[in-house]
Amino acid sequence: MTGLLDFWNQSLPQLLTGFTLSLQVTGLSLALGIPLGLVLALTLQSASRWLRWPSLVMVEIGRGASILVLLQFVYFGLPSAGLTLSSFASAVAAFCWCTAAYTSEIIRAGLQSVHHGQSEAGEVLGLDPAEILRFVILPQGLPVCVPTLLGFSILMLQASSLAFVVALPELMSKAQLIGSNTFRYMPLFALTAILYAAVCIPATIVVGRLERRLSRHI
Amino acid sequence: MIEVSGLVKDFGAHRVLDGIDLSVQRGEVIAMIGPSGSGKSTCLRCLNLLEAPSAGLLRVGDVTIDASRPVTRRQRLGFRRPLGMVFQSFNLFPHMTVLRNVSLAQERVLKRSRREADEISRQLLDRVGLGAKADQHPSRCSGGQQQRIAIARALALDPEVMLFDEPTSALDPELGLEVLNVMQELAAGGMTMIVVTHEMHFAESVSDRVLIMADGRIIEQGPSAEVMRNPQTERAQRFLSAVMNR
């Protein structure tokens, strides 16, 4: 038992630096990806096909291709097109793409949940489409999306472990590294799992509370 | 004030409005009655372009819309500017206070300052008897109160014509009465109004003219009491006897 705790104690600092990086990649991807998802949600409903088609391609590739493919495409593929990104930048770019694609659907559903009469009311009051969006639709539609977006964010934190394939020294890579030196995989991955769970389980509880709170007024 | 000629509206193969001709004088109060599905609401919604008419000419004030030509956003805005609209389901903005509901469009559309807009809003809310509700959210108000707020919100833009789409149909009779009283005061104040309604008493006693619609046409129209008491066509007689003798 003490042997296990000693081993955990030794590995923890390294795992924590990896986990910090995991949180940074996830946080940055969400911070860039969710606003982009909002933009895509809007352009997908646009009347102009010059906006709609490129958005559709972005979303369908982001949702259709696996994250592993996106990651390796950005990291290994783009350099042959003359664009070389660090492993951190590649991971953020790929996760951001994936986030934007998935959240665009979540946000679109949220905005469509706002009753049609609301935009009609804005229209007959003489508000223009941008004003209707800003003052009427977004303030009502976005709160609806929040629990689903948080749930998605938890999944993205877990998916950030995939960034080890582009040599990003995040939590999973660190665990692999320690494991290949010590061969004590079992206790090592147990600790890794505990670290992910330490963030994800409380977050899930928050999401549950939030969902109940938001549905109270409906 | 309003001139409609040859208004047609098709939903796919289904013709909902089949050649509506209508002219409304300034200050006139018109009640549109008729069985469900007769096209009353669609007619009203075409009048402010919430539904795009399939054919016909619409004129409000000096802006004319020709359904056979594409309508620009600017034309649509200009056309709607003198029209106020009240919906059956109120459609207040639930995330704003009552005061913001009434003030928002004044600030955005009429470019009034917030202070000026709020002042006008409070006056209007007082006028519909809801000055005390200004700082609450609509969900804290009864249906009748919400509909009166919706009327105040429409009046805040200084409309020349008010369109009402079954304003009391979602309300129980007692709450509906509060709304009808406000509408009656508006009518007495000289507002031009077109009211789609199932309130026969309102149609008979408040409006100047009654239109009876059936199957997408106006089948009968004239001075209220005359049409209501002595309808000429068989279809109108059938409808009125169904709603009056219950």
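Here is the naming used below: chain letters follow the sequence lines, and residue numbers restart at 1 for every chain.
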Are more than 12 heavy atoms from other residues, nucleotides or ligands located less than 6.0 Å from atom [atom1] of [X]?
X	atom1	value
Arg209(A)	CZ	no
Arg127(B)	CZ	no
Glu119(B)	CD	no

Select one option (side chain, backbone, both, neither) describing which atoms of [X] are under 4.5 Å from chain A's heavy atoms.
X	value
Arg80(B)	side chain
Leu163(B)	neither
Arg81(B)	neither
Phe87(B)	side chain

Closest-packed option against chain A by number of heavy-atom pairs under 4.5 Å, given Asn48(B), Leu83(B), Leu92(B): Leu92(B)
Is the shortest side-chain heavy-atom distance between [X] and [Y] below 4.5 Å?
X	Y	value
Val109(B)	Asp128(A)	no
Pro129(A)	Arg73(B)	yes
Arg134(A)	Arg108(B)	yes
Arg45(B)	Glu120(A)	yes
Gln118(A)	Pro94(B)	yes

Which value, rounded to the nearest 0.5 Å, describes the distance between Ile132(A) atom CD1 and Phe93(B) atom CZ? 8.0 Å
NZ/NE/NH1/NH2 to OD/OE distance under 4.0 Å, Glu123(A) and Arg76(B): no
So which heavy atom on Ala121(A) is nearest to which on Asn91(B), and how close? CB-O, 3.5 Å
Exam field: side chain His95(B) to backbone Ile137(A), donor-acceptor pair closer than 3.5 Å: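 No, because the side chain of His95(B) does not come within donor-acceptor range (under 3.5 Å) of the backbone of Ile137(A).
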